[in-house]
Amino acid sequence: MNRLIKRYKMQYHFNEIEAKWQKYWAENQTFKASNTSEKPKYYVLDMFPYPSGAGLHVGHPLGYIASDIYARYKRHKGFNVLHPQGYDSFGLPAEQYAIQTGQHPAVTTETNIKTYRRQLDQIGFSFDWSREVRTSSPEYYKWTQWIFIQLFESWYNNESNKAEEISSLITVFASEGNANVNAVCDDNIEVFTAEAWSNFNQKEQEEILLKYRLTYLAETEVNWCPALGTVLANDEIVNGVSERGGHPVLRKKMTQWSMRISAYAERLLQGLDTIDWTDSLKESQRNWIGKSVGASVTFKVIASETKQSANYENQVIEVFTTRPDTIFGVSFMTLAPEHELVSQITTPEQKAEVDAYILATAKRSERDRMADVKTISGAFTGAYAEHPFSKEPIPIWIGDYVLAGYGTGAVMSVPCGDQRDYDFAKHFNIAIPNIFEGVDISEEAYAAKDNVKIANSDFLNGMNYKKASKRAIYDLEQLGQGEGKTNYRLRDAVFSRQRYWGEPFPVYYVNGMPQMIDKAHLPITLPEVEKYLPTETGEPPLGRADVWAWDTVNNKVVANVNLSAVEGEDNGIYPLELNTMPGWAGSSWYFFSYMEEKAKRGEDFASEDALNYWENVDLYIGGSEHATGHLLYSRFWTKFLKDKAFVGVEEPFKKLINQGMILGTSAIAFNITNVRVSKLKEPYKVDNDKIHVSIESLNYGRDTKVNVIVSKEILFESTNIKSSVNSSAISELHHDPSKQNKLFNEILNTLNLEEEIKSDLLEGKAVLTYYINPIRIDVNLVNASDEVDVEKFKSHKTSKDYLKALFISEENETFIVGREVEKMSKRWLNVVNPDAICEQYGADSLRLYEMFLGPLEQAKPWNTAGITGVHGFLKKLWKLYVGENGLNVNDAAATKDNLKTLHKTIKKVEEDIENFSFNTSVSTFMIAVNELTAQKCTSKEVLEPLLALVSPYAPHIAEELYSQLGNEGSIATVAFPKFDASHLVESSKNYPISFNGKMRFTIELPMDLSKDEIEKAVMTNEKTIAQLEGRTPKKVIVVPGKIVNIVG
RNA sequence: GCUCAAGUGGCGGAAUUGGUAGACGCGUCGGAUUCAAAAUCCGAUUCUUCGGAGUGCGGGUUCGAUUCCCGCCUUGAGUACCA
C-alpha cells in the first residue's frame, strides 16, 4: 500500500500541480508590477477580449500564451514587467442578448467576465490582475468621457501642427477674426472679422466653434433601417436590404458626433516609420490614410455648340488629380453615375441612355465595379466641360469605374496617361491625344511619371513631371480654377451610436447647442431603461430613460419631467445626449490606464509618474482584424493626448505582432437522401467513371424516406467520387449497379423492394439514384484516427435529425469522417474548448501545444490529435527529475555531453523567444529532454537551469520541479541561464561529401585540418574512389567546417 | 483588378549569412511488456523501376538553391480602379 501511495506521488499529476501554483501566484501576487523599480521596465500587452457569452475557445489564448511567454522571459532577464489584462466589455452582443431576454447587459457582462476569468486563470497566465480595466465600469469610462471633453475643447492648429485649447482660437477670433487662422476645420467656413465675431450671438459663436473642434456635430449619411430602428454597417446590408430580416434600408442624414481624425492624417502616416510593426500592417494603414499629392481643378460646364440650356450656367465640376502635368491630355470627363450633377447636365437626347446606365450601376456592388476591369461601360451625358487653358469643349461621360465615395466623384480623364481612361476612350472611340514626347501610345497608356517630357501642351512643352505639375498648378491658380492639394482618403470618424450598452456622452443641449458637463461631475452613468430597443419615434434607447436630464444648478442627472415644458422658459434643466459612444472609444486609451495602480486612478486616469515610467507598450500582440480600426484610433488618441501634454509619447505601441487565426478541423460524414430507383430506357453506360443513364420513369412509384450516413472510404470506393467532397456540395449520383458493394447492398436491403424491381436493379435495367449531402459531426465525437463513436453520436444533442438514420461503416466496422479546415465556429461543430484540454492534459500541455502548432503569425488548423505529443514530452520531463523512488537529481558533476545539450538549448531558446519563434523552442525542449534522458543525466547543475528555460512555456511544471529541487519561492524571477559557447566546441566534424552538389556520404575528420589536408583525406577515401568510378574530378570545393563538393 | 502573405512527406511543420532537405511531433506499420487493455518502451516511415529523383510550375545565377534573380500557376487575407 505504501508503495502505491509513493508511486502515485511520484507521478506527474498536472491538475494538482497546476492548481497549487495558480493559487500560489495569486496569494503571493507574484506578477504584480511595481511603478518603482531599479530594473528596466517592459510592458507586454494583449488586445483585451470582449467577454462574449460563448466563452473562450482554443483560438483565443494563442496570442495570450505567446505574450505570456515573452513576459515571463523578460522577468527571467531581469526586467520589471507590466503584463495586465482586462475586458472590452461594452458591445453589441450583450445588448442584443438584453433585447431578447430583458436581462440587463451589465448582468450578463458580469457573468461572462467570470467565465473568462476562470478560463484565463486555468491556463496559468502571469497577468497582473490588480490593474484590471473594464471599459464598461463607470470608474473607467469617466475618463473616456473626460477625453471626449478634451477633444471638444480643442482645435488643430496647422501652424504649430498640434491640437490646442479652443480658448486660444477664441482669442484670435476676438482680436483679428478668422482670416489668418490655419486650422483643420469644416469646408466652406465664411471669413469674418473680429468685429463680426463680437457681434455674433452666443449660439452663432458656438456654431462656428463647432466647425473647428476636434469632435463636432455634423450631418452624416447613414444606412438607416426603419424596421430594425437602427443604423447598419455596409456589410450588414445585402442587395439593398438588411442582412437580418431583409428589411429595406435607406440613406438618411443624421446629426452625429464625429472625430476630426483627418487632422492627424499626416502624423499618423509619418509615425509609421518610427514603430516596429509588420510591413503588411503598416501598409494597410498607409493605404487607409491614402495620401496623394496633386491638384484640385475646376472645370466649367458649358453648353455644347447648339444645345443651349439654362441648367448649365455656373455649374462646375471639381476634380482631384495627381497628374496636373497631363492637363492638356484631357479628352473627356468621367463622373460617377451617382454624381449629383449628372441629372442636371444630361441632355434630353441622352437622358434615356444615362438613366438606364445609372439603373444598371445601382445593381452592382462596389466590389464588383472595382474587380471587373474587363467590362468597360459608360454613357455620354450630352454635356461638355470647358478646358481651363485651351477653352476647348470636353465631353462629359459617366462611368462606373469612377466611384462616388472617393474624392469628388469625378475624374479628368487623360487616356494617354492612365490605362483605365485609355481603355474607356478606345471602347467609346474618344480621342487619345498624345502629350508625351517620343512615347508610343498606340497599344497602351504611358502611366510612368519619370523619364518623360510633356509635349503638345502649350506652355508645359518640354518640361518633366515635376516641373510641369508645378507650372500647371501655378497657372490654374492664376485662373482661379485650381490649386495644389494633398488629398487624404482618411475620413473623419463617426462617434455616435444609437445603442444602449456604451459610454454615455457627458453632453447636454441648450437651444440645440451641445454643452459639456464639468469634469467634477463625471462619470455620467448609464440610465436605467425598461427596454433596450429604440423608441417608437426612432430615438436611441436612451430616449426611453425617465431620468435623463441635466440640472445645471445642482449638477446632477434628474428626471425628465423637470425639463422646461414651456418654450422660452429656462429652469436650468436640459436634455442629455441620447446617443452613446462606439466600441472603439474605450479601447483607444486603455493601455494608459493599466500604467497606474487601481487605487491611484482617482484624480487623473494615471499619474504623471506612472505615465513617465511606463511610457508606451513595448510589445503588443493581437489579431490583424484591428489593423485599420482600433490600431488607428489608438494612435490618433495617443497623439492628441500628447499634444495636450496628458501623456508623454507620440505612439502607443512600439512593437506589434499579429497572431494568426486558429482554424477548426471539421469532421464530415456523408448523408444520403432522396434514394430512388428509376427504370431505364436503355442500359446504363460507364464512361470515364461517369455513369450515363437515360431514365424512362422516375421511381418505381415512390420516394423513399431512407436516411443513410456513410463512412468516408466506403463512399469513395462505392461511388465515382475520388477525393474530398466540398463541404457545401450537394450532388445527385446514379449508382453504378455493376458495383454491388457494401453501400449498394445496405441501401438495397433497407428499401424493402419488390422482387421484380430488385432484379431489374441487379440486371442493370434500373438504377439507384441519390443525393449526397456532407454533414458535420461534432469534432468532440471523433478521435485522432478520424473515427466516429457512432453510439455516442446517435445520442448526442446535435444529432436529432439522424436518429433513425442507417449508418454504413467501413469493412472493419469503424466509421471514418472526412476532414475540412474552416473557420472555428459553433455552426460547423468544430469548436474546441480549452477547458476540456486543461482537464485532460493540463494547462502546460495546452500552452506548449498551441505554440507547437506552427509560427505564431500564420493561420493554422487546430487538430487535437497532436496534443498527446507535447503531453508525452511533459511526462518525460517529469521523469527526468522524478523517478519511481523519488528525486533523480543530485550533485553529480555534469558531463561534457550534459553541458553541451544544456547550452545548445539555452542558445536556441533564447534566439527563438527574441524572434517570436515559439514553435521551434518546443522542439528544442523535446530534443534536450530526449538527449538528457539518454545520457541518464542527474546533475542539478544542468537540470536546474533547464527549468528556467522551460518556465516561460510550461510554468506550472517548472515551478513544481524547481521547488522539489529544494528551492524556496517562485521560479518566476530566477535569472535566465547564461549561454557559454565553449561547451559547444567540437574537435571533429562529420563532413558531408557531395558530388555535383548531391550529398552521397559523410566522413568524420578533425576540425583543425587545413583545406588541402581535408581535400587529400577525402580524395584518398575509398568511398570517394568508389563513387568516382575512375573519373577524375574537374574541381574540388572545400569549405572547412562545412562541406566538401566534388565536381565532375 | 490591386496590395500583402503563403505553397516542403499521409498531417502540423524544421532547415543560421546559399552548404547533409524532411529536425521535432502526430499518424501509420512492426516489435517488447500485459491474461487483456490502457499506459510505457524500442524500431521503421519522402518517392523510387534501387540507377536515382525530389521543396507549386518553367527558366537563370552558382561548385552547390527550400534560400538569390526572372516569368508563371494556385491558395489565403485585405481592398478603396485613389484619378
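Numbers restart at 1 for each chain; the letters A, B, ... are given by sequence-line order, proteins then strands.
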Could you label the plane-to-plane angle of the A:Phe1001 and A:Phe995 rings as parallel, tilted or perpendicular, counting under 30° as parallel and over 60° as perpendicular? tilted
request  = Just say parallel, tilted or perpendicular for the rings of A:Phe428 and A:Phe424, cut-offs at 30° and 60°.
outcome  =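 Because their plane-to-plane angle lies in the 30° to 60° range, the rings of A:Phe428 and A:Phe424 count as tilted.
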Please state the [atom1] separation for the pair [N] and [M] - nearest whole angstrom.
N     : M     : atom1 : answer
B:G13 : B:U79 : P     : 25 Å
B:G56 : B:U75 : C1'   : 10 Å
B:A15 : B:C68 : P     : 14 Å
B:G54 : B:G60 : P     : 14 Å
B:C26 : B:C41 : P     : 10 Å
B:A32 : B:A38 : C1'   : 16 Å
B:A5  : B:G9  : P     : 23 Å
B:U67 : B:G1  : P     : 26 Å

Suppose we define a pair by two distances each less than 3.5 Å, Watson-Crick or G-U wobble; what does [N] pair with here?
N     : result
B:G22 : none
B:G54 : none
B:G7  : B:C73
B:C29 : B:G43
B:G78 : B:C2
B:G64 : none

(Q) Quick check on RNA chain B: between A:Lys875 and A:Asp421, whose nearest nucleotide comes earlier from the 5' end? (A)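 Closest to the 5' end, via its nearest nucleotide, is A:Lys875.
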Open item on the list: Need to verify one output field. Residue with the more 5' nearest nucleotide on RNA chain B, A:Ile867 or A:Lys1042?
Closed with: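 Mapping each residue to its closest nucleotide by heavy atoms, the 5'-most match is A:Lys1042.
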Just by distance, do the side chain of A:Tyr357 and the backbone of A:Asp400 share a donor-acceptor pair under 3.5 Å?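 Checking the backbone N and O of A:Asp400 against the side chain of A:Tyr357, a donor-acceptor pair under 3.5 Å is found.
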Would you say A:Lys282's side chain and A:Ile275's backbone share a donor-acceptor pair under 3.5 angstrom?
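Judged by distance alone, yes, a pair lies under 3.5 Å.
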So if I take every side-chain heavy atom of [X] and compare against [options], which nucleotide ends up nearest?
X         : options             : value
A:Ser923  : B:A15, B:C24, B:C41 : B:C24
A:Pro855  : B:A14, B:U20, B:A83 : B:A14
A:Ile1037 : B:A14, B:C24, B:G19 : B:G19
A:Met999  : B:A15, B:C24, B:A21 : B:A21
A:Pro992  : B:U20, B:A23, B:A15 : B:U20
A:Ile927  : B:A23, B:G19, B:U20 : B:A23
A:Leu853  : B:U3, B:G25, B:G12  : B:G12
A:Arg1000 : B:A21, B:G52, B:A83 : B:G52
A:Gln858  : B:A6, B:U20, B:A14  : B:A6
A:Ser292  : B:C41, B:U20, B:A83 : B:A83

Have a look at [X] and say if it touches a base, only the backbone sugar-phosphate, or nothing, with a 4.0 Å heavy-atom cut-off.
X         : answer
A:Ser994  : nothing
A:Thr868  : sugar-phosphate
A:Asn1045 : base
A:Ser284  : nothing

Output for pair (A:Thr901 OG1, A:Ile927 CD1), nearest 0.5 Å, gives 10.0 Å
Original post:
Can you tell me how far the CZ atom of A:Phe979 sits from the OG1 atom of A:Thr905, to the nearest 0.5 Å?
Top reply: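 Between atom CZ of A:Phe979 and atom OG1 of A:Thr905 there are 10.5 Å.
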If you compare every side-chain N and O of A:Asn919 against the phosphate oxygens of B:G25 (OP1, OP2), does one of them come in below 4.0 Å?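 Indeed not, no polar side-chain atom of A:Asn919 lies that close.
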Are any of A:Lys1035's side-chain N or O atoms less than 4.0 Å away from OP1 or OP2 of B:C63? yes
Roughly, in whole Å, what's the span from [atom1] in [X] to [atom2] in [N]?
X        : N     : atom1 : atom2 : answer
A:Phe995 : B:U20 : CZ    : P     : 16 Å
A:Leu856 : B:A5  : CG    : P     : 17 Å
A:Lys860 : B:G25 : NZ    : P     : 20 Å
A:Asp400 : B:G1  : CG    : C1'   : 13 Å
A:Trp288 : B:U79 : CH2   : P     : 7 Å

Name the orientation of the base relative to the sugar in B:G51: syn if the glycosidic angle is within 90° of 0, else anti.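 What B:G51 shows is a syn base, its glycosidic angle lying within 90° of 0.
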Its glycosidic angle compared against 90° from 0, B:G7 adopts the form anti
Please check if any side-chain donor atom of A:Ser262 sits under 3.5 Å from a side-chain acceptor atom of A:Asp492, or the reverse.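 Note: A:Ser262 and A:Asp492 side chains meet the donor-acceptor criterion.
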**Item:** Non-hydrogen atoms of A:Asn919 and A:Pro855 that approach each other most closely
**Value:**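 Of all heavy-atom pairs spanning A:Asn919 and A:Pro855, the closest is ND2-N, 3.6 Å.
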